[in-house]
Amino acid sequence: VLGHHYQRDEVIQFADVTGDSFKLAREAAARPDAEFIVFCGVHFMAESADILTAPEQKVILPDLAAGCSMADMARLAQVEDAWDVLADAGVADRTVPVTYMNSSADIKAFCGKHDGVVCTSSNAKSVLDWALKRGDKVLFLPDQHLGRNTAVLQMGMSLDDCVVYDPHQYNGGLTAEELQAATMILWKGHCSVHGRFTEQAVDDVRARIPGVNVLVHPECQHEVVLKSDFIGSTEFIIKTIQQAEPGSKWAVGTELNLVKRLAHDHPDKEVVFLEQHVCYCATMNRIDLPHLVWALENLAQGHVVNQITVDPETEHYARAALQRMLDLPG
Ligand code: 13P
Ligand code: SF4
């Protein structure tokens, strides 16, 4: 039973392994003896687990409605159209497609087919370094914020090096000249949870809690990240709070189940949720105890329910993109 950190307490208590999406992908790949993997997370994570495990291993998602609004913002047909736009601008052969783990298997396969790669919030910088050794541009899917924050804050690029490709506009809303001048072509997608943290929330919490440290996930908007003190993946956020001095104060901008758990597990530190107007990730929360119990009871009776399978061709190319990521050092 693999559990993402954004899962409810009632579910996470039964996970054999907890982790962010990177750690869970590795953990799935490292368990060739597990006949069944019950994935307490969202659909794209279960797909990745299926891709990285052997054909006889079965991956189960306790509720099929546990999708991800960000992953849904990049559809294969839209990405193929975008690639044609890049080809018309004369830049496709110099562009490496990079997709965030939070994308469907067919988008990962698209990247695999075009010599691209997958990244997660824990390794976006090393993946972009890898990609920019192989091309002089990156098409970054589907989270514009992770792409922009990594490029500007970790790789020394400027905002002018980034353009936003909007799949709902003609030619992405960009001219050939804009595409030719850009290094980062950011897909216009975002997380409907992290994208809602605001600059105002950072100002408010600093006024309310003097000396507070603001710690946010890189899926947050660039302006919010600029006002924060620390930025990092879910695993980074957990480690930072674990290692913080007793008595220190933290406002955390990530999914609410995790922030509540951090506050509960660290009573010697003050840990608060950054924003008043952000709620749980609705799709992560679809996995509740009744769904987990239902999936496990069926398994105990020999019925495999809600199996997630990726077709062999998609799996082949998606695995290539995932494997390139897993092979990077670190
Ligand atoms: P990580 O698990 O990579 O931190 O991603 C956060 C997230 O939003 C997962 O859906
Ligand atoms: Fe998707 Fe955001 Fe929910 Fe993660 S937190 S599953 S990126 S909507």
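One-based numbering, in listed order, for ligands and for the atoms of each. Only heavy atoms go into these numbers, but all of them, side chains included; no hydrogens, no water, no symmetry mates.
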Protein N/O/S atoms under 2.8 Å of atom 3 (Fe) of ligand 2?
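Short answer, with waters excluded from the count: Cys281 SG.
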Between Lys133 and Asp129, does any side-chain N to carboxylate O distance fall below 4.0 Å?
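Salt bridge between Lys133 and Asp129, a charged N being under 4.0 Å from a carboxylate O: no.
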Below 30° counts as parallel, above 60° as perpendicular, anything between as tilted: where do the rings of Trp250 and Phe230 land?
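Aromatic pair Trp250/Phe230 classed tilted.
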Below 30° counts as parallel, above 60° as perpendicular, anything between as tilted: where do the rings of Trp294 and His291 land?
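It falls in the perpendicular class, over 60°.
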Can you name the residues that come within less than 4.0 Å of ligand 1, going by heavy atoms only?
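Answer by chain and number: His4, Tyr6, Asp20, Ser21, Phe44, Met45, Tyr100, Asn102, Ser121, His194, His217, Glu219, Thr234, Met284.
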As a test of understanding, state which of Val272, Ile237, Leu215 forms a side chain to side chain contact (heavy atoms under 4.5 Å, CB included) with Leu262.
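The residue from Val272, Ile237, Leu215 that satisfies side chain to side chain contact (heavy atoms under 4.5 Å, CB included) with Leu262 turns out to be Ile237.
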Criterion side chain to side chain contact (heavy atoms under 4.5 Å, CB included) against Ile308, the qualifying member of Ile60, Leu61, Ile37
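Exactly one pass, corresponding to Leu61.
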Is the number of heavy atoms from other residues, nucleotides or ligands under 6.0 Å of Lys188 NZ greater than 12?
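Count not over threshold, so no.
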Are the side chains of Arg261 and Ile12 in touch, meaning some heavy atoms are under 4.5 Å apart?
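The answer is yes; the side chains approach within 4.5 Å.
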Check for a donor-acceptor pair, side chain of Ser233 on one end and backbone N or O of Ser121 on the other, with a separation under 3.5 Å.
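Checked: no pair found.
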Ring centers of Phe39, Phe44 separated by less than 6.0 Å:
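No, the ring of Phe39 stays outside the 6.0 Å limit from the ring of Phe44, centre to centre.
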